[in-house]
Amino acid sequence: MNIMDFNVKKLAADAGTFLSRAVQSEQELRITQSEFDRQAEITRLLLEGISSTHAHHLRCLNDFVEAQMTYYAQCYQYMLDLQKQLGSFPSNYLSNNNQTSVTPVPSVLPNAIGSSAMASTSGLVITSPSNLSDLKECSGSRKARVLYDYDAANSTELSLLADEVITVFSVVGMDSDWLMGERGNQKGKVPITYLELLN
């Protein structure tokens, strides 16, 4: 009988120890799970911050690219405007080989194309509009050197590049400020103030 009591007490003690260890293990599991959840939340927040920062950087980069495109488009437009202004600059300025400055002379009105405006620059003789009007009186064609770049305003005009040589001739009924220019198989109107006739 004493042996049975001893065994019962021993089993009860073992069961108590087992329950105590189970409770302790469960507490440790809860603590570990809580720490894991906390670390997972921190990781999630960090990933969200990285994603938000990445999206912000992409927006900034996109804004930068758009600003650069706008800037270069404006620069290109300014260049075209300046090119047109320089191209339309009158060719009635005299240059003296003995002087370093260029002396402007009164601009030639469209109704006074026949007036003489000769200039000498580095030994080259620039033909005045009066000589260009002489061409309009003849029926043949002549060679002419282009003085300035010119962008055609429409399909009836011919774009010009400075220093290129083209063939020009007059057409009956055309405005006195224009001649018909020909370059290869291209043909169109060209302003006479952009040309220097060649002999």
Side-chain angles (χ1 to χ4, degrees), residues 60-199:
C60 291
L61 181 60
N62 184 65
D63 293 340
F64 173 77
V65 171
E66 290 181 353
Q68 286 284 67
M69 291 174 62
T70 302
Y71 171 76
Y72 285 117
Q74 291 177 349
C75 289
Y76 179 73
Q77 187 60 46
Y78 291 155
M79 182 192 69
L80 292 179
D81 295 340
L82 181 60
Q83 186 179 21
K84 289 181 180 180
Q85 292 177 9
L86 292 176
S88 61
F89 196 78
S91 60
N92 52 354
Y93 284 83
L94 299 178
S95 175
N96 193 330
N97 290 335
N98 297 327
Q99 298 178 351
T100 59
S101 63
V102 178
T103 304
V105 296
S107 59
V108 180
L109 297 176
N111 295 332
I113 295 296
S115 63
S116 175
M118 300 294 292
S120 174
T121 305
S122 300
L124 294 178
V125 177
I126 301 177
T127 307
S128 68
S130 63
N131 290 335
L132 291 172
S133 64
D134 293 340
L135 173 63
K136 299 178 74 65
E137 296 176 359
C138 67
S139 58
S141 61
R142 293 182 62 179
K143 296 292 184 180
R145 185 175 68 87
V146 178
L147 300 176
Y148 317 104
D149 290 347
Y150 177 74
D151 293 328
N154 51 56
S155 59
T156 65
E157 298 179 7
L158 182 65
S159 295
L160 303 174
L161 295 175
D163 295 327
E164 71 172 332
V165 177
I166 63 173
T167 302
V168 294
F169 54 90
S170 61
V171 175
V172 177
M174 183 178 291
D175 191 332
S176 61
D177 294 336
W178 297 81
L179 289 173
M180 186 60 69
E182 188 174 22
R183 184 202 306 114
N185 58 353
Q186 297 179 338
K187 185 183 298 185
K189 296 191 303 181
V190 294
I192 62 176
T193 53
Y194 283 62
L195 304 174
E196 170 196 354
L197 285 181
L198 302 177
N199 295 329

Among residues at least two apart in sequence or on other chains, which ones pass salt bridge (Lys or Arg N to Asp or Glu O under 4.0 Å) with Asp163?
Arg145

Which heavy atom of Tyr148 sits nearest a heavy atom of Leu160, and at what distance?
O-CB, 4.2 Å

Between Leu197 and Val168, is any pair of side-chain heavy atoms under 4.5 Å apart?
yes

Within the 4.5 Å heavy-atom criterion, are Leu195 and Leu147 side-chain neighbours or not?
no

Looking at residues at least two apart in the chain, or sitting in another chain, which of them share a side chain to side chain contact (heavy atoms under 4.5 Å, CB included) with Ser155?
none

So among Glu182, Lys143, Lys187, Arg142, which one has a side chain to side chain donor-acceptor pair (under 3.5 Å) with Thr167?
Lys143

dist Met79:CE -> Leu82:CG (nearest 0.5 Å) comes out at 9.0 Å

Extract all donor-acceptor atom pairs below 3.5 Å that involve side chains of residues 61-75 and protein atoms in other chains or at least two apart in sequence.
{"from": "Asn62", "atom 1": "ND2", "to": "Glu66", "atom 2": "OE2", "distance (Å)": "3.3"}
{"from": "Thr70", "atom 1": "OG1", "to": "Glu66", "atom 2": "O", "distance (Å)": "2.9"}

Is the shortest side-chain heavy-atom distance between Leu179 and Ser170 below 4.5 Å?
yes

Please say which of Asp177, Asp175, Thr156, Leu158 ends up in a side-chain contact (heavy atoms from CB on, under 4.5 Å) with Lys189.
Thr156

Of all heavy-atom pairs between Val190 and Met180, which one has the smallest distance, and what is that distance?
CG2-C, 4.5 Å

Under 3.5 Å, side chain of Ser159 to main-chain N/O of Asp151, donor-acceptor pair present?
no

